[in-house]
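Contents: one structure, followed by commentary.
Throughout, a chain's letter reflects where its sequence line sits, starting with A, and its residues are numbered from 1. Values reported hereafter were calculated over all heavy atoms of this structure, with side chains retained and with hydrogens, waters and symmetry mates removed. Predicted model only: the values in this text are computed from it and were never measured.
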Amino acid sequence: MIRLEGIGQTFLAADGSQVQALAGIDLAVSEGEFVSLVGPSGCGKTTLVEIIAGLQKPSAGRVTHGHAGQNGAFGWAGYMSQADTLLPWRDVLDNAGIGLEIRGVARAECRRRAAELAARVGLAGFENRYPHELSGGMRKRLGLIRMLAYEPEVLLLDEPFAALDAQTREVLQNDLVDLWRDFRRTVIFVTHDLMEAITLADRVCLLSRRPAAIKREYRVELPRPRTSLEVQFSQKFQALHQAIRRDLMAEVDWQKAHQA
Amino acid sequence: MKPPARAAVILTRLGLVLGFFGLWEAGAALGWLDALFFGRPSAVLADFWGLVISGQVFIHAWVTLEEALAGFLLGAVLGVLMAFALAASPFWEKVLDPIIMLAYSIPRIALAPLFVLWFGLGVASKVVFSFMLVLFLVFFNTFAGLKEVDRRMVDAVRVMGASRRQLLVKVILPAITPWVLAGLKSGVAMSLLGAIVGEYVGGNAGLGWMINSAAGLFQTNRVFAALVALGLMVVGLNQLVGRLERRALKWRPNNNLLS
């Protein structure tokens, strides 16, 4: 269970003015639930994830999760952003095992557990390769298992697959859903891709334009296991996609009109 | 582009070097070059060999090496520490930035006589001089490396629950290693330069002193013999650093953009 209560964030812009990015975000995500966050670009999705992860302090509100050391403590969540943050000087297994290593697990054991995970996501045979020797999709898969290896309760994913081509992205989405089904973690997944949001999640939350709040939530009542191919042509999916898109475009249009 | 054939490269290289020394030797033998000023390769080798037999070259090379190494180690350690200290404190970075730039832009070679005045004709003045040259190199490189560490990479590991110490050891130090090594690499040459120039200016031992005193007596072949010794020393040290670098950076992709 993870709960956001009245999260607000205000920045000091370069010209000295105050910019309010987030205002009063309330959200409760239950154990094992997969929630997607969507919203117009620049609305503060990344800011919100960084606040949940503990990398930013919110100017208002609080994040609670039932784990030792509340606000500001690390180690309870897994976090993956769009950026490639693998350590280039570590091979696949040492990268995947770093979370365990930090917890004091012996290196041989870290590598053994990393190897199991690597095999699950098709990285068998690449255990001793360095990140620059892997394809973009493989690096993302390594990022996923690096995050899962130390068994965090919550996974925070901030457009993790945005930099991938469409085909690879679809494969990675299926990998993620498989891992999620087997590990049963709570997932908060930020994306600007509605198709992705609906295909993956139990619930889609739409953020409004700045200052962002949760504008609406949509339950995704599609049967699992879902594969993107089957699901995206179903009536239910199309209807939901249209509904969210209409609400999203309303925010985008407002933003456009008021920036001009 | 097709990589050039190895044999052709080596043969051409050998040809150039042999041609150069051949012309020099011939020029001296035929009297085109005044042997008093220009020396003669065969005489240089003979003199060098004499220095090896008598052991003199080792005595002086050791003095120079000691001075350079001491300056190098001091400069490397303090350079890295200084970079960390400034990177950790934006206030002191701001305060010291122009002062460091000023200190750096003073041609430090010109200060050599002062160092001799302050620290004497012995080893100490050369060590301090070497140290000053290496310090800035290592400091600037390490500092630049620290500024370049990818925040997002650090954050990713921080979220996993890493302590400050773990972040330092597992992320920051490996991330700046290429930068520090680049500084150390040029630092090796710099530290020798410092020792040699220090010996020129005022000293009573070392290869620099040998070169300077031989030049004063028009012993041109002796000057070149000392240079041969110096060259061998630099090659050896570079090999050592190169090996260290390859070991530490074996994870790096080879991107040679110009070939």
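Of the listed residues (A/Pro131, A/Gly99, A/Pro152, A/Pro88), the greatest number of heavy-atom pairs within a distance under 4.5 Å of chain B belongs to A/Pro88. Taking chain B as the reference chain and counting heavy-atom pairs below 4.5 Å, the highest number among A/Glu101, A/Met147, A/Glu133 is found for A/Glu101.
Side-chain N/O atoms of B/Arg252 and B/Thr177 include no donor and acceptor closer than 3.5 Å.
B/Arg152 has no carboxylate O lying under 4.0 Å from a charged side-chain N of B/Asp155, or vice versa, which leaves the two without a salt bridge.
Both the backbone and the side chain of B/Val157 come within contact range of chain A, each with at least one heavy atom under 4.5 Å from a heavy atom of that chain. Both the backbone and the side chain of B/Ala175 have a heavy atom closer than 4.5 Å to some heavy atom of chain A. Only the backbone of A/Leu86 comes within contact range of chain B, with at least one heavy atom under 4.5 Å from a heavy atom of that chain.
Aromatic ring centroids of B/Phe139 and B/Tyr104 lie 6.0 Å or more apart.
Proximity of B/Val228 to B/Val57: side-chain heavy atoms (C-beta onward) are nowhere separated by under 4.5 Å.
Residue-environment remark: CZ (A/Arg184) exceeds the threshold of 12 foreign heavy atoms within 6.0 Å.
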